[in-house]
Amino acid sequence: MNDEVIRARGLVKHYGSIRALDGLDLAVPRGTVLALLGPNGAGKTTAVRILTTLLEADAGSAAVAGIDIRTNPKRVRERIGLSGQYAAVDEYLTGYENLDMIGRLYRLGRQRSRSRARELLERFGLREAGDRPVRTYSGGMRRRLDLAGALVAQPDVLFLDEPTTGLDPRGRTDMWDVIRELIRGGTTLLLTTQYMEEADRLADNIVVIDCGRAIAEGTADALKTQVGGERIDVTVETMADLPRADAILAELAAGEVLVNEHARSLTAPVSGGAITLIRALRRLDAAEVRVLDVGLRRPTLDDVFLALTGHFAEPAADETGGDRLQ
Amino acid sequence: MMKRLAYSVADGAVVAKRNVIKIKRVPDVLVWVLMSPIMFVLLFAYVFGGAIDPGGGINYREFLIAGIFTQTVVFGATFTGAGMAEDMQKGIIDRFRSLPMSRSAVLVGRTVSDVIYNVLSVAIMALTGLIIGWAIRGTFVDAVTAFALLLLFSYAFSWVMAYVGLLVPSPDVINNASFMVIMPLTFVSNAFVPIDTFPGPLQRFAEWNPVSAVTQASRQLFGNLPDLTGVDAAVLQAQGVRIPTPSDAWSMQHPVAYSLIWVVIILAVFVPLSVRQYKRTARR
Ligand SMILES: Nc1ncnc2c1ncn2[C@@H]1O[C@H](COP(=O)(O)OP(=O)(O)O)[C@@H](O)[C@H]1O
Ligand SMILES: [Mg+2]
């Protein structure tokens, strides 16, 4: 058996005339994390639903944990854990009852289900809330419970569809911590996200997806390099400073200097990193340019997206339920 | 095959347990389930009752109760549809579908747990009926058979609504959808008015309507039909008693058998149909 725990080839899915997936290929080696990064409507959820056997592809093939999803969906379900885009928890049950029920349906048996439920509640910071109906939980708590539900049977492969969408910043960093711990435990993970930062922080590999197709693939660093190297951003105090600053940066830049008069800022692509930055600062100081702000910046994944697709990755207008009605 | 059935039952029990917890935590539904049949009994018995003569010297209230029983258990299936639709909408179905559980268990669990609603509402109606003048005149075994038939029919019918629940876009739609199916079925039947008072074509429909059959079977088993054997109809008529024309349709002659045939047909069609729909359904 090769060591690709998730492998998909040429997945295609239509919804009526909409082509949600347009020949998507994916490969996730054992113990690694792949982020499927793309804006709302890119086809992330469709891909996850196909790989987790909730949906059948129109064309293409895929195997999860070495098992073909088309011919043996039930065995695939025995091996995977899924936490979908919206928490699939029962509001009327308590957190404990939710997890216990899932354990029973995985056929863990009464004792195992119960102890596993308590264990997971503890691990996800839900011990106190465990015996309250989920109705009373915050969004972040629901997401954590949903993730706990995906882990009940200790799956080899985990799918997380936008695990932090709709969470506040605190909830998001909490969730990142939880996911990082899972990764340390060696789980193979496919995660989807609209957040560049999230993919950068959590994933070994990133597949950028737009309109159902992979448009770029690689490590976060490789993607950044593909878009261009580092740049120096300088903001000056007055308009009068701009021309002098422009001249100085132009001498050091590896390409054209962009000037934003409105913001009184300049961006210069450079090579040489911190050394070039120090040099630039010395010369600016010598020329008595009053610098308000300066920084060496590596391109963000937003830049990657812009460079690859020619448009920004538009975040969902309503992140908590943007495509709920689709 | 046996193993699959065993899993279906075991998983169905887990899902049913979850639904029962919900019934306990959201008692509003229960209040509605129990209040509406009482409302119906009182409404028909006291508001329309005076205008409807079942004939054969039978008291309308006595005639009515079996009809209300049938109407209520058929209507009870709406809760099954609403429950399925709500689970779909809230996404819990996605969780179930991602588990290696039996593909029929969610439907089995749902339909089985909803029997609780029907048992409770039948019990409440029976009490209300007894208070306002209904009586069980048949044997104990016949009465138990009648209740069992009512519950069996409602169980089968709940699969119809479970299927509808998987199709509709939201739980709100269920009430309208079920209204459109259930109203004609219950009103063009012998549930509230005697069948011989319908005009020709409607009478045919009413005679072969499964709701009529279940009602007729219950009346027969509870002993709520006029017994005209050995009675001189002409004498009664002279006393001003309306003599109903008995229907000679096979369905009305053999209402228990005809009801059971419907139970089998409904289950044979809607169990596979619902399970298939469940397998490929998507969250909305
Ligand atoms: N059930 C559905 N019916 C019709 N169109 C759908 C359905 N689900 C998704 N789509 C469409 O398919 C495309 C991809 O959707 P999705 O996979 O949900 O994207 P993402 O998860 O990246 O936001 C979108 O254009 C979306 O509108
Ligand atoms: Mg999505």
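These figures come from a predicted structure and were not determined experimentally. Quick note: numbers below take in every heavy atom, side chains included, and nothing from hydrogens, waters or symmetry partners. In what follows, chains are A, B, ... by sequence order, proteins preceding strands, each numbered from 1.
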Working for side chain to side chain contact (heavy atoms under 4.5 Å, CB included), residues A:T53 and B:S98:
CA-CA 7 Å; A:T53 77; B:S98 76; over 6 Å; no
Which atoms of A:A153 come close to chain B, meaning under 4.5 Å heavy atom to heavy atom: side chain ones, backbone ones, both, or neither?
neither
Can you tell me how far CZ of A:R104 sits from CG of B:D11, rounded to the nearest 0.5 angstrom?
9.5 Å
Would you mind checking which part of A:E78 comes under 4.5 Å of any heavy atom in chain B, side chain (CB onward), backbone (N, CA, C, O), both or neither?
both
Value rounded to 0.5 Å, distance of CZ in B:F96 from CG in A:D90
7.0 Å
Tell me whether A:R213 at atom CZ has more than 12 heavy atoms from other residues, nucleotides or ligands lying less than 6.0 Å away.
no
With a 4.5 angstrom heavy-atom cut-off, is it the side chain or the backbone of A:E91 that approaches chain B, or both, or neither?
side chain
Are A:R107 and B:Y7 in a cation-pi contact, defined as NZ or CZ under 6.0 Å from the six-membered ring centre and within 45° of the axis?
yes
Is the shortest side-chain heavy-atom distance between A:R77 and B:L99 below 4.5 Å?
no
Member of B:R18, B:K24, B:K22 meeting the side-chain contact (heavy atoms from CB on, under 4.5 Å) criterion with A:Y92
B:K22
Out of curiosity, A:N98 CG to B:I92 CD1, how far, rounded to the nearest 0.5 Å?
5.5 Å
Please check if the number of heavy atoms outside A:R127 that lie under 6.0 Å from its CZ is greater than 12.
no
Testing the basics here: between B:R95 and A:L82, what is the closest heavy-atom pair and its distance to 0.1 Å?
NH1-O, 2.8 Å
Would you check if A:T94 and B:R25 make a side-chain contact, meaning some heavy-atom pair closer than 4.5 Å?
yes
Should A:R49 and B:D94 count as side-chain neighbours, where that means a heavy-atom distance under 4.5 Å?
yes
Leading residue by heavy atom contact count with chain B [cutoff under 4.5 Å; candidates A:D100, A:V76, A:I80, A:I102]:
A:I102
Can you confirm whether B:F179 is buried at CZ, in the sense that more than 12 heavy atoms of other residues, nucleotides or ligands lie under 6.0 Å from that atom?
no
Given that the side chain runs from C-beta out, which part of A:S113 has a heavy atom under 4.5 Å from chain B: side chain, backbone, both or neither?
neither
With a 4.5 angstrom heavy-atom cut-off, could you sort out which part of A:D146 is near chain B: side chain, backbone, both or neither?
both
With chain B, the option among A:R79, A:E97, A:R75, A:E56 that has the most non-hydrogen atom pairs under 4.5 Å is A:E97
Smallest heavy-atom separation, B:G91 atom then A:A88 atom, equals O-CB, 3.2 Å
B:K279 atom NZ, over 12 foreign heavy atoms within 6.0 Å:
no
B:I21 side chain reached by A:M101 side chain, heavy atoms, under 4.5 Å
no
Ranking A:S83, A:G84, A:A150, A:P73 by heavy-atom pairs under 4.5 Å to chain B gives rank one to A:A150
